Amino acid sequence: MAVQMWYLLLLTTSFVSLRSHGASCPCEKEELCKPITGQKDYEVLVFDVGGTDWKYYDWDMVTTVAIFGKYDPNLMCFAHSKGARVVLKGDVPVSDIVDPKNRTAWITEKVNLAKAQFMDGINIDIEQEVGKNSPEYYALTALVEESTETFHREIPGSQVSFDVAWSPDCIDKRCYDYTAIAKSCDFIFVMSYDEESQIWGDCIAMANAPYIKTLIGYEQYLMLNIDPQKIVMGVPWYGYDYPCLKLSEEGVCSIPKVSFKGAPCSDAAGRQIPYSTIMKQVNNSMTGRLWDPFQLAPYYNYKAEDGTIHQVWYDDPLSISLKTQNVWLLGLRGTGMWNGDLLDYSDNSIAREQTQAMWKVLKPV
Ligand SMILES: *[C@@H]1O[C@H](CO)[C@@H](O)[C@H](O)[C@H]1NC(C)=O
Ligand SMILES: *[C@@H]1O[C@H](CO)[C@@H](O)[C@H](O)[C@H]1NC(C)=O
């Protein structure tokens, strides 16, 4: 009888431990599967979109990797060995989580997935239209609150962040309760790019993240009484390639009218291109690198194979460093970029230098 009881107890405990851990740890050392705890002085959040470039990230700097591509256990083990968090991507149609039961079910699924993959939280990236004071408006706030509460409880030390547009001013009709969202999660990640998604003035090619406009966005978030330590500045590692209908003598590129969310003209007339591609193109372009002293951003013109002239607007170490210096001035929590895989990590000295320079300015001295 005593032996049977003992056996039963053994069975039960092994069943429980299997359930709580889900899968077995894929890392060399079991301790690398433990969640990362504590907060670094300066956050650097990287979006990883897949592939193996993560091996070449500047790991002295990275504090969080948001997995927007396929989950790679090797990345998790490596990040943990560097003390960096690895977090899930969270996205769901907001109309589906108006029902509180659906909301809880979604969160439970995400927490279980994070646990099974030994991850340290979630980055919620809901880039959907939401009307102010609509049922979705309240549902989204509740989703972030409940996600944070559940993740923090179920995975001690875990991090919940939320991606927001460059300004809280209903950009792309995203009218969220930014104050409440920022209050309930660990931080908001401000996507200071695609700032010309709604062009109301002249339909012309402009910078992806002009300096003044970018800073106005942060001032607006701070005016909502959001703690600066709850704000991470996001910068672009990509640019926009616009076909010009006409290039004026002053170099202004008129672009096709492509409307977006009520605005007559938008950056959707252009094509997003990685910094790595830009660096291969700029020196052989018609103009080489030019600098716009008003938007504080680089650009160049090139002639495409079909003979049309294109204007490319982008960010480089200079334009990014001007923006990231404000992280210190405003007392923000850190920086991040979309995305970590847009640089040239190949093994040649020019690429290496350019790539290092882009990483370096994420944490200005
Ligand atoms: C719950 O979510 C499912 C999809 O996940 C959706 O089809 C359904 O409409 C949602 N129900 C409510 C009441 O929101
Ligand atoms: C392009 O020109 C700049 C400035 O002269 C130089 O530093 C850089 O190495 C060049 N890039 C390539 C890919 O040759």
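Residues: numbered from 1 along the sequence shown. This one's a predicted model, so the numbers in the text were calculated from it and none came from an experiment. Atoms within each ligand, like the ligands themselves, are counted from 1 in listed order.
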Closest approach of any protein heavy atom to atom 13 (C) of ligand 2, naming residue and atom: Ile350 CG2, 3.9 Å
Any N or O of Asp99 closer than 3.5 Å to N or O of ligand 1: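 No: no nitrogen or oxygen of Asp99 is under 3.5 Å from one in ligand 1.
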Numbering as shown, the atoms of ligand 1 that approach Ser95 to under 4.0 Å (heavy-atom distance):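 Result: 14 (O).
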Atoms in ligand 1 flagged as close to Asn102, the criterion being non-hydrogen separation under 4.0 Å: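 Numbered from 1, ligand 1 contributes 1 (C), 2 (O), 3 (C), 8 (C), 10 (C), 11 (N), 12 (C), 14 (O).
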Flag: protein heavy atom within less than 4.0 Å of atom 5 (O) of ligand 2: no
Option set Asn284, Val282, Asn283, criterion heavy-atom distance to atom 11 (N) of ligand 2, minimum: Asn283
[options] screened by side chain to side chain donor-acceptor pair (under 3.5 Å) with [X], the one that passes:
| X | options | result |
| --- | --- | --- |
| Tyr240 | Gln311, His310, Gln272 | Gln272 |
| Asp341 | Tyr56, Tyr57, Trp237 | Tyr57 |
| Thr63 | Lys40, Arg333, Glu43, Gln39 | Glu43 |

From Cys170 atom SG to Tyr176 atom OH, the distance as rounded to the nearest 0.5 Å: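 The distance works out to 10.0 Å.
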Ion pair Asp99/Lys101, N-O distance below 4.0 Å: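 A salt bridge is absent here (no side-chain N lies under 4.0 Å from a carboxylate O).
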Side chains of Tyr300 and Asn284, donor plus acceptor under 3.5 Å: no
Side chain, backbone, both or neither: Asp96 near ligand 1, heavy atoms under 4.0 Å: both
